[in-house]
Amino acid sequence: MQKHLQRISCRNAIVSLPSFIACWKLSIKNIITHSLIYIHPLTCLLLVLINPNVMKAHCALKPVGGNFLCYINVVFSVLKFPDAAGYVGFANLPNQVHRKSVKKGFEFTLMVVGESGLGKSTLINSLFLTDLYPERYIPGAAEKIERTVQIEASTVEIEERGVKLRLTVVDTPGYGDAINSQDCFKTIIQYIDNQFERYLHDESGLNRRHIVDNRVHCCFYFISPFGHGLKPLDVEFMKAIHSKVNIVPVIAKADTLTLKERDRLKRRILDEIAEHGIRIYQLPDADSDEDEEFKEQTRVLKASIPFAVIGSNQLIEVKGKKIRGRLYPWGVVEVENPEHNDFLKLRTMLVTHMQDLQEVTQDLHYENFRSERLKRAGRAVDEDVLDKDQILLQKEAELFVNNVPGQDIPFASIQALFYCGNDLNNKTSPKHKAGGNGGSFVYVFPVGNITMIRGTLSN
Amino acid sequence: MYINILILYISYQFLEKNSIGADLFGYVGIEAVLDQMRMKTMKAGFEFNIMVVGQSGLGKSTLVNTLFKSKISRKSCTPNYEEKICKTVKLHAVSHVIEEKGVKMKLTVVDTPGFGDQINNENCWEPIVKYINEQYEKFLREELNVNRKRRIPDSRVHCCIYFLPATGHRLRPIDVEFMKRLGKMVSIVPVIAKADTLTVEERQEFKEQIRKDLDANGICVYPQEEFDEDPDERLLNHRIRESIPFAVVGTDQEHQVNGNKVLGRKTKWGIIEVENVAHCEFANLRDLLIRSHLQDLKDVTHNILYENYRVRRLNESNITFSELELSSWPTENGTDKSQL
C-alpha cells in the first residue's frame, strides 16, 4: 500500500470539503492513507461530527498566513472499508499481532552438529553477522581422546529494524572426534530431551506466564564434502534425532566441490536419506494465493536441499567492492554469490521459515515427546511420591519462582522443589531445577543461607 | 728464506699425492660401470609398492592416478565400480607395469577402503599392520631359503601415503594413533587431501600445527631424521621436512589455461591448476616420491625397516626355530642351529 502525503491547503472551509471528500474516496481505493489537510476549525468539527468512525484526526492550531487555521492530519484507516456499515474491524488483527510480537521479540534455538573442522562456527558467524565465538581454544588430539561431547549454548540478542531476536546457538564440540564415536550422540539426544522435559514441566505447572522456550527448533547437520555421501555416523545420528528436532542437512566447505561434484553429492545424499528413511525438515509448499515470486522462491529452495555453503567473515576487495569471501591463489569465492554457493538460500530459508520451524517443533516433535512421556509416566505411577503436602509445597514454590526471580523463597518450598523435582526427570541431578530466564540454571542450595546462582547451560 | 718456502711447497705437493694414494695417470674406464648398471636395471625394471590410507572420499585414487599419469587406481580397474563404504577394512592391491623412455616400473598400489569410515574405528589399523608384516615375512622366507631366487619378488610396502582431511585445525586422534603405530614399520608420507579448501594462510597454519602435533607425539615421518647419512642429505631432507605435509589437489581432467592444456579443477571462481606450485603442492610431492627419493624410499625400507623386522623376528623365533622349516642352517662354528 502506498502512502502518499498529500497536502491540501485551503482557507475556505467550503472549498476544503470537496478536497476532503476526494481524499476520502482515494483512500478507499488505497491510494492514499495519509492526508494533511489544512482546513478551517469549524469544518473540522463538522467533519468529526459526521464521521467519527472514519477518521482519526489530530488537529493542531497553527497560524497560517495570519489566520488561524486548523491543520488536520487525517489518517485514514489503512484497510479498505468500502461499506462502512458492514465493517467490523477484525481485519486489523494481523496488525495487532504484528505489533505485539514485535514488542515481545522472538526466540529461536539453533543447534549445530558436525565433525570438528567443518566450518560450523564460521558459518554461524556469517549467517548472523556476529562473532559468537571470540576466543576459541581447539584442543589437541590427545585431549580429544579423553573428551566426551560437550554441549555449549551461547545466547545473543540481535535487533534489526526494531524486531528483536533472541538467538541461542547450541554447539556440540567433540562430536565425531573420538576414534570410537558410538556414544557421541547420546549426550545430544539427552540435551534435546531435557529441553522438552523442562518445557513440559513448565507447561504443566501452575504459573504459566513466564515459560521460556528453550527447545531446539532447528538442527543444522554438517555433512563433510570430502566423502561420497553420508557416513555411517551421519546416518545413525540423523535416524536417532529425526523424530525430535527439525534436521536441515548442510554440506560444509562447499568450495572444495566443482558444480558437477556438488550436484552428484546432493543427489547421493538425498538418495541415501530416502533409503534410510530419515525424515528431514520439509519446507512447506507455498499457498496457492501467494504471489508467483514467493512460489518460485519456495520451489528453488526446496530443490536445493541439502544446501552447499561456504562461510566467511573476511572482507575482500573484488572489482572495487568489498564483499565477504575467501581469497585463493586461483580466484575469490564469494559467500553471497548464488552461483558460488547456497549461502543466501540457506539464510532465506532460515529467515522466512523461522516461524514454521517453531510451529513444527511445537506441533509435531513436542507433541510426540509429550504423548510418549505421559504414557510412560502413567505406567510408572506407583514409583512416584504422592505426598500431598510435598506437592503443595512444590506448587507454592513454583508460583514464587516463576513470578519474581530474586524474591525470598520459603525454605520449605525449596526443599520440596529439591526433592520433588527428582522424580520428574531422573537424568538430571537433584540440584538442578529449571526456572528463570532461558539459558541459565537456578541452583538452589538448601544449606544455610539460600543463595540463587545463575549459571550457563553446560553439562 | 724463499728457498725454504719452495722446499716446503714441493714436499707438500708430494705428500698430497701420496695421501690420496692411487692417482690415475690415464683413463681407465671405471665410470663405465654406471652405464652397465643402468642397462641392467633398465632390463630388469623397478618395483615400487605404494600404499594409500585415508578415509573414504579424500581423493586417494584420484591422486594416485594423477601421480603416475595413468589410470591405475582400484576405481579405474574394477568394472562397474560403485562407491560404498565397506563395513571392515579390506586391503586391495592392484599391480601395473608402466613404462617411460624404456624404463619399466612395476607399480603396486595397495588401497585400504573402509579405514576410518565406521562409527567405531578402534583397531582399524590392525589389518594394515598385518598386511605389512605379512609382506616382510614373505620376503624373509624367500631370503632364508637355501635355494634363493635371483631376484626375490619385492612386495614390501615402500611408502605409505596417509591422507589427512583438510579441517584446518589439528591432527585427529585416529591420525595420531595410526601414525604412531605405523611410523616404525613403514615410511609414512602425510599429505593434506583436497587442499583447495584452504587459503594460503590457513594452509600454513594447519601445516605448522600438524608438525607441532607430530613432534609432540613423537611420530617419525619420512624422511626420518635418524636415517640421514651425510650433511648434504640432511640439508636436502631438512628442506623437505620444513614443508611436510604437502597440501595436494588431484584430478585427471584437463582444461585450457592460457592456451596450454593443464590438469586442473574448473570451478566458477577459477581453475585450480594441479601442477602449479602457487596453487598446490602436488608437484613437490611428485618430485619427492618419484623424481628424487624413490630409490631412497626403497633403500630405507630394505636396509632399515626390513632389517628391524628381520632382527626382531629372528630373535623371537630363536626358540621355535624349527617352525621356519629350514633343512640346515650352518653357523660360524659349523654347528647346525636347527638341532638346538
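- Contact of the A:Asp255 side chain with the B:Trp269 side chain is registered, since non-hydrogen atoms from C-beta on lie closer than 4.5 Å.
- Taking CZ of B:Arg170 as the start and CG of A:Asp177 as the end, the distance is 11.5 Å to the nearest 0.5 Å.
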Requested in this report: For the pair B:Arg265 and A:Glu261, evaluate side-chain contact (heavy atoms from CB on, under 4.5 Å) and give the outcome as yes or no after the intermediate values.
Outcome: CA-CA 11 Å; B:Arg265 284 168 64 76; A:Glu261 289 170 355; 2.9 Å; yes

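- Around atom NZ of A:Lys260, no more than 12 heavy atoms belonging to other residues, nucleotides or ligands sit under 6.0 Å away.
- Interface remark: B:Ala216 contributes no atoms to any contact with chain A (heavy atom separation under 4.5 Å).
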Side chains of residues 279-288 of chain B: which donor-acceptor pairs under 3.5 Å do they make with residues two or more places apart or in other chains?
residue  : atom : partner  : partner atom : Å
B:His279 : ND1  : B:Glu273 : N            : 2.9
B:Glu281 : OE1  : B:Lys207 : NZ           : 2.7
B:Glu281 : OE1  : B:Ala247 : N            : 2.9
B:Glu281 : OE2  : B:Lys207 : NZ           : 2.7
B:Arg286 : NH1  : B:Glu275 : OE2          : 3.3

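- In terms of heavy-atom pairs under 4.5 angstrom with chain A, the leader among B:Asp175, B:Thr199, B:Asp117, B:Ile174 is B:Thr199.
- The closest side-chain heavy-atom distance from B:Glu202 to A:Arg326 is below 4.5 Å.
- The shortest side-chain heavy-atom distance between B:Val200 and A:Pro329 falls under the 4.5 Å cut-off.
- Around the CD atom of A:Glu317, the shell of radius 6.0 Å holds more than 12 heavy atoms that belong to other residues, nucleotides or ligands.
- Proximity to chain B (any heavy atom under 4.5 Å) is restricted, for A:Leu230, to the backbone atoms N, CA, C and O.
- Within residues 178-193 of chain B, no residue approaches chain A closer than 4.5 Å by heavy atoms.
- Put simply, of B:Leu198, B:Leu58, B:Val249, the one with the most heavy-atom pairs under 4.5 Å next to chain A is B:Leu198.
- Looking at A:Leu118, neither its backbone nor its side chain comes within 4.5 Å of chain B, counting heavy atoms on both sides.
- Of the candidates A:Leu259, A:Val333, A:Asn341, A:Leu259 is the only one forming a side chain to side chain contact (heavy atoms under 4.5 Å, CB included) with B:Lys268.
- In the displayed structure, B:Lys261 atom NZ is contacted under 6.0 Å by more than 12 heavy atoms of other residues, nucleotides or ligands.
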Which donor-acceptor pairs under 3.5 Å do the side chains of residues 50-57 of chain B make with protein atoms, sequence neighbours left out?
residue : atom : partner  : partner atom : Å
B:Gln55 : NE2  : B:Gly116 : O            : 2.9

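- Interface residue B:Lys194: backbone and side-chain heavy atoms are both found under 4.5 Å from chain A.
- Residues A:Phe226 and B:Thr197 form a side-chain contact, since some pair of their non-hydrogen atoms from C-beta on lies under 4.5 Å apart.
- Within residues 232-241 of chain A, the residues having any heavy atom less than 4.5 Å from a heavy atom of chain B are, in residue-number order, A:Pro232, A:Leu233, A:Glu236.
- For the pair B:Ile272/A:Tyr328, no side-chain contact is recorded, criterion being any heavy-atom separation below 4.5 Å from C-beta on.
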